[in-house]
Asks: 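Structure provided below as structure tokens; questions to follow.
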Amino acid sequence: MTGTATDLSFAAWLDDRRTRIETAMRRCMDEMAEVVPAGLFSAVEGGVMSGGKRLRPLLLATACEETGGRCGDPLYDLSVSVELIHAYSLIHDDLPCMDDAPLRRGNPTVHVTHGVRTATYAGVVLIPWAATWAYRSACATGCTASTARGIVAYMLEAAGAGGMIGGQALDLLSEGQSLTEEELATLHGLKTGALLAASLEMGAMASGAADSALRAIGDYGRALGLAFQVMDDVLDATGSAEVLGKRPSDAELEKSTYVGLLGVDGARGRAGELIARGLAALDATGLAAPRLRQLARFVIQRKR
């Protein structure tokens, strides 16, 4: 039986929400299969349905719920849209012209199983589908057409040159260079933080949250996004490919990392500071948001 935010343990709540997200992912893929050629769809499905933390849709749904929104199937459909953008970025990130990664989530990457050309198309086709899916789903949650368009625009801006893509470009240009912590924060604030923060803000927009709550959610999201990346660097430095399910490591790609700058303990400390900053943003607006607070701790305590 599905419980509310207060009558389930965090672990049970997390399992429940991830189940809802996976069900919504399946709905989305089933509809996409009707319009995308079978050969291409196989590559798309392989990139989208290969598992993962589903953190971005989880953040979107939680932000909506904790700012007073309705937690039904349309909300989880909306949450899928940001995961589609994330999946497209991973498919392209793994390409030979980028990180040339053979392994993602413990499985061969999309270009290894389907070829570079098909993998490239699979990533591209996810972008307009994510936008269309987000608009339809936002309307189904009860948002006005204007708000739904705003949600889509927010997502695409976070995914574009001023967000994720811009951060990826900086990441590629920075390989083999020694970045300062400020430069590294700028890079990851775009590459990782922008879409994480947008996921939260899209959820708050869907609930009709006040501007003050929306700003607090965004500040929390930007701090959380950077903490997530700091811990990714820690896990990359301390875990094995078998545990993490991916290759190559950032060290193999000669990328600057928080561990390289601060050491493992220093990086863990910095992640804790960032989480404290994010929680302070919620405190300043009086947002209780217990599940967002638990998710913040989850980000810095995770093992993969």
Asks: Is there a side-chain contact between Met231 and Arg268 (heavy atoms, below 4.5 Å)?
Replies: yes
Asks: What's the shortest heavy-atom distance between Ala194 and Met164, and which atoms?
Replies: CB-N, 4.4 Å
Asks: Do Pro74 and Ser137 have side-chain heavy atoms sitting under 4.5 Å apart?
Replies: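 A side-chain contact is absent here, since even the closest heavy-atom pair is not under 4.5 Å.
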Asks: Please determine whether residues Leu200 and Leu84 belong to a single hydrophobic cluster, defined as Ile, Leu, Val, Met, Phe, Trp and Tyr linked transitively by side-chain heavy-atom distances below 4.5 Å.
Replies: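 Yes, Leu200 connects to Leu84 through the hydrophobic network.
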Asks: For Arg149, give me all partners under salt bridge (charged side-chain N to carboxylate O under 4.0 Å, His left out), at least two apart in sequence or on another chain.
Replies: none
Asks: Whether the side chain of Thr257 engages the backbone of Gly260 through a donor-acceptor N/O pair (distance < 3.5 Å, no angle test) should be reported.
Replies: yes
Asks: Looking only at non-hydrogen atoms, find the nearest pair between Ile300 and Ala227 and report the distance.
Replies: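 Residues Ile300 and Ala227, closest heavy atoms: CG2-CB, 4.4 Å.
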Asks: In terms of hydrophobic clusters joined by side-chain contacts under 4.5 Å, are Val35 and Leu126 together?
Replies: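 Per the 4.5 Å side-chain linkage, Val35 and Leu126 are co-clustered.
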Asks: State whether the side chain of Gln168 and the backbone N or O of Asp93 hold a donor-acceptor pair below 3.5 Å, judged by distance alone.
Replies: no
Asks: Can you list the steps and then say if Leu184 with Leu261 is a side-chain contact (heavy atoms from CB on, under 4.5 Å)?
Replies: CA-CA 10 Å; Leu184 200 56; Leu261 287 172; 3.8 Å; yes
Asks: Test your reading of the model: is there a side-chain donor-acceptor pair from Ser81 to the backbone of Ala130, 3.5 Å cut-off?
Replies: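 A pair under 3.5 Å: no.
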Asks: Is there a donor-acceptor pair closer than 3.5 Å between any side-chain N or O of Thr147 and the backbone N or O of Met205?
Replies: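 No; judged by distance alone, with no hydrogens or angles, the pair does not exist.
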Asks: Run the numbers on Arg20 and Asp73 for side-chain contact (heavy atoms from CB on, under 4.5 Å), then give the verdict.
Replies: CA-CA 8 Å; Arg20 294 192 190 191; Asp73 285 350; 6.0 Å; no
Asks: With Arg297 as the cation and Phe10 as the aromatic partner, state whether NZ or CZ is under 6.0 Å from the six-membered ring centre and within 45° of the axis.
Replies: no
Asks: I'd like to check Leu179 versus Leu187 (side-chain heavy atoms, cut-off strictly below 4.5 Å). Are they in contact?
Replies: yes
Asks: Of the non-hydrogen atoms in Met29 and Glu45, which two are nearest, and what is the gap between them?
Replies: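 Reported closest heavy-atom pair: SD-CA, 4.2 Å.
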Asks: Quick one: does Pro96's side chain get under 4.5 Å of His111's, heavy atoms only?
Replies: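 The answer is yes; the side chains approach within 4.5 Å.
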Asks: Any chance CZ of Arg302 has more than 12 other-residue heavy atoms, nucleotides or ligands included, within less than 6.0 Å?
Replies: yes
Asks: Looking at Thr180, is its backbone amide N or carbonyl O close enough to the side chain of Glu183 to form a donor-acceptor pair, meaning the two atoms are under 3.5 Å apart?
Replies: yes
Asks: Which is it for Leu78 and Ile151 under the side-chain contact (heavy atoms from CB on, under 4.5 Å) test, yes or no, and what are the steps along the way?
Replies: CA-CA 10 Å; Leu78 175 61; Ile151 287 172; 4.1 Å; yes
Asks: Any side-chain heavy atom of Glu31 sitting closer than 4.5 Å to one from Trp133?
Replies: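 Touching, per the 4.5 Å side-chain cut-off.
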Asks: Can a donor-acceptor pair be found between the side chains of Thr62 and Arg291 at a distance below 3.5 Å?
Replies: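 No.
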Asks: Applying side chain to side chain donor-acceptor pair (under 3.5 Å), run through Glu181 and Tyr258 and close with a yes or a no.
Replies: CA-CA 7 Å; Glu181 186 175 354; Tyr258 282 94; 5.5 Å; no
Asks: Should Leu90 and Met25 be counted in the same cluster of Ile, Leu, Val, Met, Phe, Trp and Tyr side chains packed under 4.5 Å apart?
Replies: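 Looking at the clustering, Met25 is in a separate group from Leu90.
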Asks: Show the nearest heavy-atom pair for residues Ala24 and Asp77, with the distance to one decimal.
Replies: CB-OD1, 3.5 Å
Asks: Would you say Val80 and Pro57 make side-chain contact, with heavy atoms under 4.5 Å?
Replies: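 No, every pair of side-chain atoms sits at 4.5 Å or beyond.
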Asks: What I want to find out is whether Asp219 reaches Arg215 closely enough, with some N-O distance under 4.0 Å, to be called a salt bridge.
Replies: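 So Asp219 does not pair with Arg215 through a salt bridge.
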Asks: Between Asp99 and Lys255, does the salt bridge (charged side-chain N to carboxylate O under 4.0 Å, His left out) criterion hold? Intermediate values first, please.
Replies: CA-CA 11 Å; Asp99 286 352; Lys255 294 184 179 183; 3.5 Å; yes
Asks: Minimum heavy-atom separation for Val152 to Tyr135, with atom names?
Replies: CG2-N, 3.6 Å
Asks: Applying salt bridge (charged side-chain N to carboxylate O under 4.0 Å, His left out), can you list everything that pairs with Arg54, at least two apart in sequence or on another chain?
Replies: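 Here the qualifying residues are Glu22, Glu83.
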Asks: Any pair with a residue in residues 120-130 that passes side-chain hydrogen bond (donor to acceptor under 3.5 Å, both in side chains), sequence neighbours left out, goes on the list, sorted by first then second residue, please.
Replies: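 Counting only pairs at least two positions apart or across chains, the side-chain hydrogen bond (donor to acceptor under 3.5 Å, both in side chains) contacts touching residues 120-130 are Arg117-Tyr121.
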Asks: Would a distance-only check, ignoring hydrogens and angles, find a side-chain to backbone donor-acceptor pair under 3.5 Å from Thr141 to Ala138?
Replies: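 Flag set: sc Thr141 to bb Ala138 pair under 3.5 Å.
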Asks: Could you tell me whether the side chain of Thr238 reaches within less than 4.5 Å of the side chain of Val264, counting heavy atoms only?
Replies: yes
Asks: Tell me, with the steps shown, if Arg222 and Arg277 meet side-chain contact (heavy atoms from CB on, under 4.5 Å).
Replies: CA-CA 10 Å; Arg222 282 179 281 278; Arg277 183 191 306 172; over 6 Å; no
Asks: Consider side-chain contact (heavy atoms from CB on, under 4.5 Å). Of Leu170, Asp171, Ile165, which one does Leu190 pass it with?
Replies: Leu170
Asks: If you look at every heavy atom in Ala198 and Ala158, which pair is closest and at what distance?
Replies: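 Result for this residue pair: CB-CB, 3.5 Å.
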Asks: Does Leu279 reach the side chain of Arg293, with side-chain heavy atoms less than 4.5 Å apart?
Replies: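 Yes - at least one pair of side-chain heavy atoms lies under 4.5 Å apart.
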